[in-house]
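Here the structure comes first, spelled out in structure tokens, and everything after it is commentary.
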Amino acid sequence: MAKVTIVGAGNVGSQVAFYASLKEIEEVVLIDIVEGMPQGKALDILQATAVSRVNSKIIGSNDYLMSKNSDVVVVTAGLPRKPGMSRDDLIEVNARIIKAVVPEVIKYSPEAVLIIVTNPLDAMVKLAYDLSGFSKSKVIGMAGVLDTARFRTFIAQELNVSVKEVEAVVLGGHGDLMVPLVNHCTVNGKPISELLSGEKIEEIVNRVRNGGAEIVKLLKTGSAFFAPGLAIMEMVEAIIKDEKKVLPCSVLLEGEYGIDGLFIGVPVKLGKRGVEEIIELELSNSEKEALAKSVEHTQELVGKL
Ligand code: TXD
């Protein structure tokens with residue numbers, strides 16, 4: 001059975017801990033620098049498991065010792081955006097936090113798979129990978145599952161169909177240049193180009209690209225956390241249950257999609273060993289161009305580290 005640690009007990013981290021506890025993962029550890037806060041949230045979650053009548057062990061702590069020998073460590077420590085900010089504006093402050101967190105994590109869990117969530121995502125996961133010395137299969141960024149869920153939501157809303165019938169995938173960096181793959185988006189197996197006008201599709205693609213900012217603007221304090229929390233949970237489950245599920249994640253590419261040395265969102269097979277395969281999809285010329293733009297931007301961002 002598995003042990004999962006979540007570093008950063010804020011909005012996203014505490015959601016992940018909550019979902020993980022309800023799924024009866026053997027041990028869930030929630031860590032934060034704020035004294036008392038992870039302990040308080042862990043106690044609250046533990047009492048929720050009593051309501052649900054599930055047996056989970058959940059511990060809140062300020063001490064990384066409690067994370068010892070985790071199978072998966074999720075890093076959500078870091079500042080979220082404020083209205084008007086881009087994810088990239090967080091690079092300096094969050095790089096400092098990743099530099100403080102990753103050495104502590106790897107000291108106690110040298111065999112873990114790391115899931116990085118902190119923004120700007122593709123730069124932070126690259127930084128975590130460099131700091132960890134882990135193999136590339138064990139350092140993974142979460143963004144694509146969330147961006148894909150946003151794409152599916154908007155398509156289902158527009159066509160008034162069940163979201164279960166919508167299949168989609170979003171590639172690229174987790175920023176305004178992300179690439180929702182229109183040619184791979186289907187409803188009940190039918191391509192969306194047969195169901196929606198070109199303008200409507202473009203409108204939806206733009207809404208997906210700005211999906212995070214739309215929520216930040218509404219919330220005024222903080223950013224999205226329910227969908228991100230569940231998206232992380234899907235990745236955690238795929239790993240600890242060795243599901244071999246294909247999910248879009250930010251991973252180190254070494255030649256795949258013509259990209260080398262950068263973490264970029266692409267579909268990967270997740271299992272016990274982390275990233276077990278990178279899936280290369282056939283892209284149209286316009287999708288290739290859009291991906292190249294997103295990659296170029298990520299490259300610039302990583303250059304600022
Ligand atoms: O798709 C995605 N990848 C994302 C990313 C989706 C949603 C949120 N995304 C990013 O995750 C967001 O832009 C932030 O950079 C992180 C965390 O977002 P969250 O909404 O959870 O932020 P909070 O509520 O402010 O929580 C951050 C917590 C807070 O409790 C801090 O005390 C803690 O991080 N923190 C630390 N914990 C441990 N160690 C250190 N050094 C530390 N610094 C801050």
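Start at 1 and go down the list; that is how both ligands and their atoms are numbered.
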Flag for Asn188-Glu165: side-chain donor and acceptor within less than 3.5 Å: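 Result is yes, a qualifying pair exists.
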
Any donor-acceptor N or O pair under 3.5 Å, side chains Asp122, Thr298: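 There is no such pair between these side chains.
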
Just which atoms of ligand 1 are under 4.0 Å from any heavy atom in [X]?
| X | answer |
| --- | --- |
| Leu146 | 1 (O), 6 (C) |
| Val12 | 7 (C), 8 (C), 18 (O), 19 (P), 20 (O), 21 (O) |
| Val101 | 39 (N), 40 (C), 41 (N) |
| Leu79 | 12 (C), 13 (O), 14 (C), 15 (O) |
| Met142 | 1 (O), 2 (C), 3 (N) |
| Met37 | 30 (O) |
| Pro228 | 6 (C), 7 (C) |
| Val34 | 32 (O) |

For ligand 1, the portion of Asn94 having any non-hydrogen atom under 4.0 Å away: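 Side chain only.
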
Which segment of Ala224 sits under 4.0 Å of ligand 1 when only heavy atoms are counted: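 Contact part for Ala224 vs ligand 1: backbone (N, CA, C, O).
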
May I ask you to check whether over 12 heavy atoms, not counting those of [X], lie within 6.0 Å of atom [atom1]?
| X | atom1 | value |
| --- | --- | --- |
| Glu199 | CD | no |
| Glu92 | CD | no |
| Lys136 | NZ | yes |
| Phe134 | CZ | yes |

Distance to 0.1 Å, residue and atom name: give those for the protein heavy atom nearest to [atom].
| atom | answer |
| --- | --- |
| atom 27 (C) of ligand 1 | Gly78 O, 3.2 Å |
| atom 26 (O) of ligand 1 | Gly10 CA, 3.2 Å |
| atom 38 (C) of ligand 1 | Ile33 N, 3.6 Å |
| atom 17 (C) of ligand 1 | Thr76 O, 3.0 Å |
| atom 5 (C) of ligand 1 | Val117 O, 3.0 Å |
| atom 25 (O) of ligand 1 | Pro80 CD, 3.4 Å |
| atom 9 (N) of ligand 1 | Asn119 ND2, 3.5 Å |
| atom 32 (O) of ligand 1 | Asp32 OD1, 2.7 Å |

Pairing of [X] and [Y] as salt bridge, 4.0 angstrom limit:
| X | Y | value |
| --- | --- | --- |
| Glu167 | Arg152 | no |
| Lys293 | Glu296 | no |
| Lys244 | Asp242 | yes |

Test ring pair (Phe, Tyr, Trp, His ring centres under 6.0 Å) applied to Tyr129 and Phe263, step by step: CA-CA 9 Å; Tyr129 168 73; Phe263 277 77; 5.4 Å; yes

Ligand 1 to Thr118 polar contact by distance, N or O atoms, under 3.5 Å: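 Such a contact does not occur with ligand 1.
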
N or O contact, Arg81 vs ligand 1, cut-off under 3.5 Å: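 Among all N and O atoms of Arg81, none is under 3.5 Å from an N or O of ligand 1.
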
N/O donor-acceptor pair under 3.5 Å between Thr148 side chain and Val145 backbone: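 A pair under 3.5 Å: no.
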
Val72 reachable from Val268 in the ILVMFWY side-chain graph, under 4.5 Å edges: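 Linked, Val268 and Val72 end up in one cluster.
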
